[in-house]
Amino acid sequence: MKFSETLIAKLSQARSVCVLTGAGISAESGVPTFRGEEGLWKKFRPEELANFDAFIRNPDLVWEWYAYRRKLIQDVRPNPGHYALVEMEERFPDFTLVTQNVDNLHRRAGSRRVFELHGNIERSYCIECRTFVPELKLDELKGTPRCEKCGGLIRPDVVWFGELLPPGLFAEAEAAAMRCGVFLSIGTSAVVYPAASLPYTALEHGAYVVVINPERTDLSSHAQETVLGKAGEILPLLVHGLSAKSKGDV
Ligand code: BV8
Ligand code: ZN
């Protein structure tokens, strides 16, 4: 895999790097993407499940779906793509990892500063008294869990369509996109907003924007580069290429 001189040079000089990830970075761990062939949305339509009204209409159906995804995520492990981003966090003084994924795999890989824009499927809270409930025992999960304090419905701590992102978090992600020298958009179709606006914010502020994806995305026609391939294969090579550069091997 030969990376462009420019990409290696830009990354070698960069003090500030911002990364946006989507479902694609977890694909090689065995987590289905949303719009891929085996995509999650193929079986379920988002508006049916990932929004508050659907939850109120049929909380059992929505919990069945989240329990299915939580079980799936519990049985997989981070892949070399996740671990390469942990190494990047060590390497760059100002490194910001922004993810749309709710699968907790970046944290499990060891990434410390992770902006979970759309929440985390491993957390849940009461819609009435907002109490966060401790670890929900999945195998005991029959139907919709209730709040021990007030009896209210418990929901997963994820951002549903039509819901605002965690206040402040998106503003911090946007600030990172504005100040970064290099912005990597990894494993995302970049169609869900406002997350998908981050690479464009970086472009407007002069960053070198690179798409890493087995296929071109809407962003590819605006980004400086699109590196075609799987994140779990590309990212370790990129980190390796950088360290080789700094050791002056190349
Ligand atoms: C909001 C959590 C304010 C839940 C998710 C502006 C324009 C148009 C629409 C809107 C707009 N602003 C707001 C909207 C509405 C909406 C939206 O964006 N709709 C889209 C569909 C058009 N946005 C919202 O509702 C947001 N809230 O705006 O609030 C507001 C309030 C009221 C009214 C208006 C506005 C909230 C959005 C958050 C929704 N929650 N997830 C859950 O997970 O259950 S979104 C969910 O879907 C994910 O988090 C992610 O964001 C998205 C899926 O995208 P990807 O992760 O990119 O996955 P995908 O499958 O699409 O692509 C995978 C890619 O990986 C592919 O390109 C593939 O080629 C690649 N790949 C595959 N294998 C690999 C790989 N890449 C690398 N390596 C591999 N091995
Ligand atoms: Zn409660």
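Side chains included, hydrogens not; waters and symmetry mates left out as well; all remaining heavy atoms used. All ligand and atom numbering here is 1-based and tracks the order in the structure.
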Note to self: Please list, in number order, the atoms of ligand 1 under 4.0 Å from a heavy atom of Gly22.
What the structure shows: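 Here the atoms of ligand 1 in question are 56 (O).
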Next item on the list: For Leu164 and ligand 1, answer yes if some heavy atom of the residue is under 4.0 Å from a ligand atom, otherwise no.
Entry: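 Yes, Leu164 has a heavy atom closer than 4.0 Å to ligand 1.
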Next item on the list: Could you say whether the N/O atoms of Ala50 and ligand 1 ever approach to under 3.5 Å?
Entry: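 Among all N and O atoms of Ala50, none is under 3.5 Å from an N or O of ligand 1.
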Item checked: Interfacing atoms of ligand 1 (cut-off 4.0 Å, heavy-atom, Gln100) ->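 Ligand 1 atoms under the 4.0 Å threshold to Gln100: 48 (C), 49 (O), 50 (C), 51 (O).
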Checklist line | Atoms in ligand 1 flagged as close to Glu28, the criterion being non-hydrogen separation under 4.0 Å | finding: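 Selected atoms, number and element: 78 (N), 79 (C), 80 (N).
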Item checked: Closest to atom 22 (C) of ligand 1 (judged by heavy-atom distance), picking from Thr217, Val191, Val227 ->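 It is Val191 whose heavy atom sits nearest to atom 22 (C) of ligand 1.
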Next item on the list: Tell me, with the steps shown, if Asn120 and Asp157 meet side chain to side chain donor-acceptor pair (under 3.5 Å).
Entry: CA-CA 6 Å; Asn120 185 313; Asp157 181 23; over 6 Å; no
Item checked: Sub-4.0 Å heavy-atom approach of Ala195 to ligand 1 ->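 Flag not set, Ala195 not near ligand 1.
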Check: In ligand 1, which numbered atoms sit nearer than 4.0 Å to a non-hydrogen atom of Thr33?
Finding: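 Matching atoms, with element in brackets: 60 (O).
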Next item on the list: Might you confirm whether atom CD of Gln13 has over 12 heavy atoms from other residues, nucleotides or ligands at distances under 6.0 Å?
Entry: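 Correct, the count exceeds 12.
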Check: Would you say Gly162 has any N or O atom under 3.5 Å from an N or O of ligand 1, going by distance alone?
Finding: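 Yes.
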Item checked: Closer than 2.8 Å to the Zn ion (ligand 2) - protein N, O or S atoms, ordered by chain and residue number ->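 Listed by chain and number, the atoms are Cys126 SG, Cys129 SG, Cys147 SG, Cys150 SG.
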Check: Do ligand 1 and Pro194 have nitrogen or oxygen atoms that lie under 3.5 Å from each other?
Finding: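 Among all N and O atoms of Pro194, none is under 3.5 Å from an N or O of ligand 1.
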Checklist line | Proximal ligand 1 atoms for Tyr66, defined as those under 4.0 Å from one of its heavy atoms | finding: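 Going through ligand 1 atom by atom, the ones under 4.0 Å from Tyr66 are 4 (C), 42 (C), 44 (O).
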Check: Taking distance alone, with no angle check, do Gly232 and ligand 1 share an N/O pair under 3.5 Å?
Finding: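 No: no nitrogen or oxygen of Gly232 is under 3.5 Å from one in ligand 1.
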Note to self: Less than 4.0 Å is my threshold; does some heavy atom of Arg69 fall inside it relative to ligand 1?
What the structure shows: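 It does; at least one heavy atom falls under 4.0 Å.
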Next item on the list: Check each atom of ligand 1 against the heavy atoms of Ala27 and keep those under 4.0 Å away; list them by number with element.
Entry: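 Here the atoms of ligand 1 in question are 73 (N).
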Checklist line | Contact check: Val192 vs ligand 1, nitrogen or oxygen atoms, below 3.5 angstrom | finding: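 No: no nitrogen or oxygen of Val192 is under 3.5 Å from one in ligand 1.
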